[in-house]
Amino acid sequence: MVLLFAALVGTGGLYSALTSTSAQATSSDASAQEISHGRQLFLEGCATCHGLNAQGSANAPTLIGVGAAAVDFQVGTGRMPLARPGTEAETKPVIYTQTEIDALAAYVASLGAGPAIPSDDQLDLTGTNLQRGGELFRTNCAQCHNFAGEGGALAFGAYAPSITTATPKQLYEAMLTGPEQMPVFADGTLTPQQKLDIIKFITTVRNEPNPGGLALGRLGPVTEGLFVWVVGLGAVIAVAIWIGVKVS
Amino acid sequence: MSADTEPAGPIIEIGGKVADAADQRLGISKYLKNNINKLFPDHWSFMLGEIALYSFIVLLLTGTYLALFFKPSMTEVIYHGSYVPLNGVRMSEAYASTLDISFDVRGGLLMRQVHHWSALLFVAAISVHLFRVFFTGAFRKPRELNWLIGVGLLTLAILEGFAGYSLPDDLLSGTGLRIAQGIIQSIPVVGTYASFLVFGGPFPGTSFIPRLYIVHVLLVPGILLALITAHLMMIWYQKHTQYPGPGRTEKNVVGYRLFPIYTAKAGGFFFIVFGVTVILGAIASINPVWMFGPYTPTEVTAGSQPDWYIGWLDGALRVMPNVEFSAWGHTLSINVLFPALIMPGILFTLLGLYPFIEQWVTGDRREHNLLDRPRNVPTRTGLGAMAITFYVLLWIGGGNDIIATHFSLSINEITWALRVTLIVLPPIVFVITRRFCLALQRRDRDKLLHGYETGTIVRLPSGEFIELHAPVSEEERAKLLAGVRYQPIALDTTPDENGVAPKVTLLDRARARMSAFYFGEQVAKPTAEELDHGAHHSAELAAGYARQLEAYENGHPNGSGSDGHPNGSHDGAADGHAGESAEEGRVIEASPRPTQH
Amino acid sequence: MTDVEDPGDGHPVPGSQVEPVGAHGTPDIPESRLPVHHPRRTDIDPRAARRVERQVSLLFVIGILTPIAFWLEYVYIPRDKVINVPVIGPTSASNFFLGLTMGIGLFCVGAGAIHWAKKLMPDVEEVADRHPFRGTDEDRATAVQLFEEGTENSGFLRYKMIRRTLIGALAATPLFALPLLKDLGPMPGNFLRYTLWKKGERIVTDVSYQPLRAVDIPIGGLVSCVPASLPAEQDASGNQNEAAKSPVILVRMRPAEIKKQQGANWDYEGILCYSKICTHVGCPTALYEQKTHQLLCPCHQSTFDLSDAGRVIFGPAARAMPQLPITVDSEGYLVAQSDFHQPVGPSFWERG
């Protein structure tokens with residue numbers, strides 16, 4: 001009995017030892033596979049502008065050192081591939097699957113150290129300070145993206161896009177990597193906790209009801225003025241015309 | 001049997017007693033006798049000023065309510081009200097009390113919104129009322145003083161609105177106050193002193209909101225109330241103007257009685273304006289200050305605009321090129337002074353003085369109670385269109401960043417485009433408007449002489465196509481004939497009995513030239529003889545056509561045209577047409593017909 | 001009949017009409033009559049009149065019921081209740097219902113009154129005369145005579161000394177107001193020329209007031225900062241006056257990208273410090289584009305090139321953004337070398 005038991009344990013132990021090593025071998029293979037998959041995708045879809053070794057060209061900046069987060073953001077929001085060079089990237093339908101995006105990100109990350117894609121733990125919004133997030137948002141973000149995140153104009157045709165549909169991950173990545181003209185908010189200037197506070201604020205406020213009624217775009221007095229002229233004055237003048245019309 | 005028409009007994013009894021008591025003490029019967037049946041002409045465009053008046057009353061009512069809750073103080077407090085994203089945040093009492101009104105007072109947000117929508121409507125109504133008065137020439141003698149009061153009301157309404165939306169001390173309006181302070185500071189010589197006096201020290205200080213409050217709830221409303229009263233009293237005394245039309249002359253007023261018709265219509269309209277503003281407050285957000293955050297001079301939002309009636313000044317500041325001079329230790333900021341103070345100063349002065357300028361240029365010092373149709377005063381209409389163009393372009397400039405993001409343009413391109421169109425477009429609009437007015441005048445003349453086109457085309461037996469014209473109705477005729485043609489001021493150059501020519505100064509010459517420009521090309525109105533002749537000629541032509549038709553019918557007894565065509569000039573497919581023209585021929589015969597040329 | 005002064009010497013009257021004027025002031029054309037009055041449906045058909053009466057009464061009944069409904073809504077709808085309204089989306093139930101009830105109620109009362117006036121009250125146009133405003137010649141003469149009598153009685157014209165000193169006194173009375181207004185505010189003094197920045201003043205982040213090391217700021221970074229002594233100063237003074245002058249931004253670019261600065265070695269390893277207050281009319285200017293190094297003000301779109309000594313490249317601002325010279329202290333934190341070398345913010349007359 002004892003002998004049988006020992007034999008079983010021994011076989012089991014040997015088996016697990018062997019399989020675990022092969023499992024390790026599989027995971028590192030997957031990583032290497034991911035990178036090479038990413039490289040393939042890169043050569044097909046990105047190298048024309050970013051160069052065969054991602055060193056950049058006249059049309060596009062270098063990707064060496066931008067990190068996985070930048071790729072996940074740009075490709076994950078459909079900004080990349082760019083519709084045409086020379087214009088500001090805009091959100092478009094995403095053409096890569098998440099697996100492909102991960103692969104691209106892994107490839108670019110392998111070229112040089114840069115900000116990594118935030119994990120779910122890093123994006124945990126429990127314990128964030130909503131009010132502090134608001135103060136930080138108004139100081140660092142509202143001047144470009146507007147008080148409600150509806151976006152705004154920059155110089156010479158550039159613009160800060162609306163952030164009302166961005167996911168927390170995309171918001172985090174944007175702050176971290178500074179896409180296009182957006183400045184880079186490194187962890188030394190906006191700590192990860194502060195970034196989460198801001199994300200908590202953005203995601204709370206954009207889902208807030210408009211207690212007064214139609215939001216009119218959350219753009220401020222311009223749309224309010226148009227509304228009062230067209231709807232308010234229009235309604236009242238329509239009644240005035242009714243008052244003056246001859247009765248049959 | 002109509003509904004219960006018996007007068008309500010008790011009401012009449014009590015009313016009688018009250019009236020008697022009042023009459024014995026105040027003599028109201030004498031006043032009522034003369035005024036209760038006052039006539040007011042009826043036209044919807046005369047109600048635009050009423051929109052402004054009723055909006056003002058709504059502002060007073062809702063404003064009083066808000067004043068019961070608002071705390072006009074810049075003392076810092078920590079907010080602990082219902083709006084969670086600002087819980088625990090430091091802010092001024094003014095801002096905190098506005099949040100309380102919006103979230104913790106039932107109906108408070110409604111009153112705040114009604115107050116603000118009403119303010120926007122107030123200035124919008126004043127503006128369209130101004131356009132109506134301008135384009136119809138209602139500012140002419142004897143109403144020049146009323147015009148001046150009106151321009152004063154417009155200025156005060158704009159200032160009052162600016163003060164009002166700055167009271168909550170939020171980020172958006174605070175940014176506007178900073179801009180106002182920067183403008184004051186840029187005034188030469190006294191700028192910094194004026195800024196420190198107004199703000200009680202450096203910006204933002206702690207005195208400004210309380211001071212603005214007293215201006216907003218006491219000083220300006222008091223002046224507005226006084227001016228509005230004077231404005232209305234003058235309309236009452238001078239009687240309202242009227243549009244030209246049948247039975248209307250310079251010496252009468254045609255309309256309905258104040259009591260009961262205008263009491264009902266005007267009173268009802270007040271409820272309408274009030275109701276519409278409250279509905280706006282229910283369905284549309286305005287000035288959501290909780291989203292802007294409390295004011296601090298280190299923060300700003302993209303898309304910072306003032307309320308619409310100040311948008312043109314903001315636009316002027318944006319498109320102005322950066323002209324500034326520095327010399328001998330002093331700086332003159334034309335880039336700020338011109339768009340913010342000099343340009344509006346010039347425009348409002350011209351606006352206020354316009355009746356007098358026009359009087360000087362035309363030499364017309366008659367009393368006018370009949371309004372002009374804008375087409376009959378092409379130069380004035382052109383000037384008005386030009387001014388509105390200029391204003392609207394500046395307005396667009398004020399929203400250039402919102403336009404840029406929504407239409408994918410560059411703010412720089414928009415700014416440059418506006419810089420050019422501000423100079424180029426108004427004169428073009430002036431010329432086009434003037435020509436358009438003259439074209440409309442020619443059309444009026446044609447209508448008077450030849451009747452209006454009915455759109456019915458008839459083919460005569462001779463093969464000729466004519467369009468039937470019908471004479472204008474008597475009412476239309478009276479309207480079309482009422483415009484007056486003037487002659488421009490001529491220089492007096494005939495020598496007197498001693499052979500000495502009168503002295504002609506530069507001013508006289510300028511006046512004559514401006515007068516000629518003002519009256520410019522004029523389309524002569526048909527005289528009475530021309531009208532007679534026109535009618536006579538039409539009757540003759542009609543008789544001619546009738547004879548043609550009769551000849552045709554006599555030649556073709558079965559006039560409904562089933563057996564071919566009179567002159568064989570068109571083929572069988574048009575059988576129906578022949579029948580039609582015969583039918584129409586009978587119609588032609590039946591009524592007097594003016595000609596087609 | 002008309003008010004135009006006719007010089008009566010045969011010359012054309014300036015601004016005179018081309019056509020002769022008729023008796024009523026309108027051009028001399030056959031008189032027009034008031035349009036024929038057509039009776040309305042409600043004038044001839046009593047059933048139509050009854051129908052209108054019912055309609056008007058219904059509108060007024062809505063005006064009676066809505067305040068009651070308003071009262072109930074006020075009491076029973078909780079302040080924080082949110083409802084989802086089509087087109088509008090989630091909104092405050094209280095604001096929406098209170099507002100619609102009141103608005104519709106008022107509107108219906110108004111519509112009822114107007115409907116009543118249009119359909120049931122008489123719509124026959126009446127004519128009244130306008131009378132000249134000018135007083136009769138006798139009235140004028142009497143007024144002038146009385147005024148002259150009064151002036152004579154007062155001795156205003158006779159006693160020259162009284163007249164002159166009276167005018168002086170009346171002109172001087174409003175001057176009481178001027179000194180009273182003087183204490184509205186202090187004199188500006190030097191306030192606009194200096195800020196809280198001084199040698200060794202640490203640069204801290206706005207909101208969280210954390211000091212910064214050079215390594216914290218990446219290329220392309222933007223940090224909104226204030227002097228380290230600002231929070232304490234704000235607590236002590238109870239106002240935001242210094243916050244209107246002192247805020248700055250830190251930006252970082254590659255040293256090779258810096259074309260020009262406002263002073264030699266005012267940067268630190270590519271980190272530049274510029275004022276955040278626009279030189280146009282004072283809005284905070286923090287729209288920084290990291291690739292073009294342009295700083296844009298959202299108020300009137302003044303654009304500054306921070307790689308080129310902050311000079312204005314577009315917009316109504318006339319002066320470059322003031323630069324703050326910076327360095328690091330012994331612990332490696334970024335500090336100012338001194339105050340700004342020029343007044344920050346909008347221009348003023350005595351600026352220089």
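Note on naming: letters A, B, ... go to the chains in the order of the sequence lines (proteins, then strands), and numbering restarts at 1 for each one.
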Given 3.5 Å as the limit, does a donor-acceptor pair link the side chain of Glu224(A) with the main chain of Asn287(B), or not?
yes
Counting heavy-atom pairs under 4.5 Å with chain B, which one of Phe137(A), Trp229(A), Phe201(A) comes out on top?
Trp229(A)
Residue part contacting chain A, namely of Met291(B), when any heavy atom lies under 4.5 Å:
both
Just wondering, are more than 12 heavy atoms of other shown residues or ligands nearer than 6.0 Å to CH2 in Trp242(A)?
yes
Where on Ala404(B) is there a heavy atom nearer than 4.5 Å to chain A: the side chain, the backbone, both, or neither?
side chain
Max heavy-atom pairs within cutoff under 4.5 Å with chain B, candidates Ala142(A), Ala148(A), Cys144(A), goes to Ala142(A)
With side chain to side chain contact (heavy atoms under 4.5 Å, CB included) as the test, would you mind laying out the steps for Thr223(A) and Ile402(B) before giving the verdict?
CA-CA 9 Å; Thr223(A) 44; Ile402(B) 309 263; 5.7 Å; no
Mind ranking Ile243(A), Leu216(A), Asn210(A), Thr204(A) by heavy-atom pairs under 4.5 Å with chain B and telling me who comes out on top?
Ile243(A)
Rounded to the nearest 0.5 Å, the CG atom of Asp42(B) sits from the NZ atom of Lys246(A) at a distance of 6.0 Å
What are the two closest non-hydrogen atoms of Ala155(A) and Ile411(B), and how far apart are they?
CA-CD1, 4.3 Å
Can you tell me which portion of Phe122(B) sits under 4.5 Å from chain A's heavy atoms? Options are side chain, backbone, both or neither.
neither
Contact leader toward chain A among Ile51(B), Ile283(B), Thr405(B), where contacts are heavy-atom pairs under 4.5 Å
Ile283(B)
Could you go step by step and tell me if His406(B) and Leu219(A) meet the side chain to side chain contact (heavy atoms under 4.5 Å, CB included) rule?
CA-CA 11 Å; His406(B) 283 82; Leu219(A) 291 169; 3.4 Å; yes
Smallest separation among heavy atoms of Ser410(B) and Gly157(A), with atom names:
CB-N, 3.3 Å
Assess whether side chain to side chain contact (heavy atoms under 4.5 Å, CB included) is satisfied between Val231(A) and Trp117(B), documenting all intermediate values.
CA-CA 11 Å; Val231(A) 177; Trp117(B) 280 121; over 6 Å; no
Applying a strict 4.5 Å limit to non-hydrogen atoms, the region of Glu208(A) in contact with chain B is side chain
Phe227(A), CZ: over 12 other non-hydrogen atoms inside 6.0 angstrom
yes
Heavy-atom pair of closest approach, residues Leu86(B) and Arg138(A):
CD2-NH2, 3.7 Å
Counting heavy-atom pairs closer than 4.5 Å to chain A, which one of Leu280(B), Ile286(B), Asp307(B) comes out on top?
Ile286(B)
Backbone N/O of Glu299(B) and side chain of Gln143(A): donor-acceptor pair under 3.5 Å:
no
Would you say NZ of Lys169(A) has more than 12 non-hydrogen atoms from neighbouring residues, nucleotides or ligands within 6.0 angstrom?
yes
With a 4.5 angstrom heavy-atom cut-off, is it the side chain or the backbone of Ile403(B) that approaches chain A, or both, or neither?
neither
Heaviest contributor of heavy-atom pairs below 4.5 Å to chain B, chosen from Gly133(A), Ala235(A), Pro211(A), is Pro211(A)
Separation between CD1 of Ile241(A) and NE2 of His43(B), rounded to the nearest 0.5 Å:
8.5 Å
Heavy-atom pair count under 4.5 Å with chain A, highest-scoring of Phe103(B), Trp290(B), Tyr165(B)
Trp290(B)
Segment of Leu121(B) engaging chain A (4.5 angstrom heavy-atom cut-off)
both
Give, as side chain, backbone, both or neither, the part of Arg218(A) having an atom under 4.5 angstrom from any heavy atom of chain B.
side chain
With respect to chain A, which residue among Ile279(B), Asp401(B), Asn87(B) yields the maximal number of heavy-atom pairs within a distance under 4.5 Å?
Asn87(B)
Of all heavy-atom pairs between Gly225(A) and Trp308(B), which one has the smallest distance, and what is that distance?
CA-CB, 3.9 Å
Between Pro85(B), Gly303(B), Ser45(B), the one whose heavy-atom pairs under 4.5 Å with chain A are most numerous
Pro85(B)
Heavy-atom count check: over 12 atoms from other residues, nucleotides or ligands less than 6.0 Å from Asn207(A) CG?
yes
Which bit of Phe46(B) is near chain A, if near means a heavy-atom gap under 4.5 Å: side chain, backbone, both or neither?
neither
State the CG-CG distance between Leu120(B) and Leu226(A), to the nearest 0.5 angstrom.
11.0 Å
Testing Leu233(A), Val239(A), Val236(A) for side-chain contact (heavy atoms from CB on, under 4.5 Å) with Val276(B), which one passes?
Val236(A)
Checking heavy atoms, do the side chain of Leu109(B), its backbone, both or neither come under 4.5 Å from chain A?
side chain
Taking all heavy atoms of Gln305(B) and all of Pro221(A), pick out the closest pair and write down the distance.
O-CG, 3.3 Å
Parallel, tilted or perpendicular for Phe147(A) and Phe292(B), by the 30°/60° rule?
perpendicular
Closest contact, heavy atoms only, Ala302(B) versus Gly152(A)
CB-CA, 4.2 Å
Out of Leu154(A), Val245(A), Thr139(A), return the one with the most heavy atom pairs under 4.5 angstrom to chain B.
Thr139(A)
Please round to the nearest 0.5 Å and tell me the distance separating atom CG of Asn146(A) and atom OG of Ser304(B).
9.0 Å
With side chain to side chain contact (heavy atoms under 4.5 Å, CB included) as the test, would you mind laying out the steps for Tyr79(B) and Gln131(A) before giving the verdict?
CA-CA 11 Å; Tyr79(B) 177 70; Gln131(A) 294 80 14; over 6 Å; no
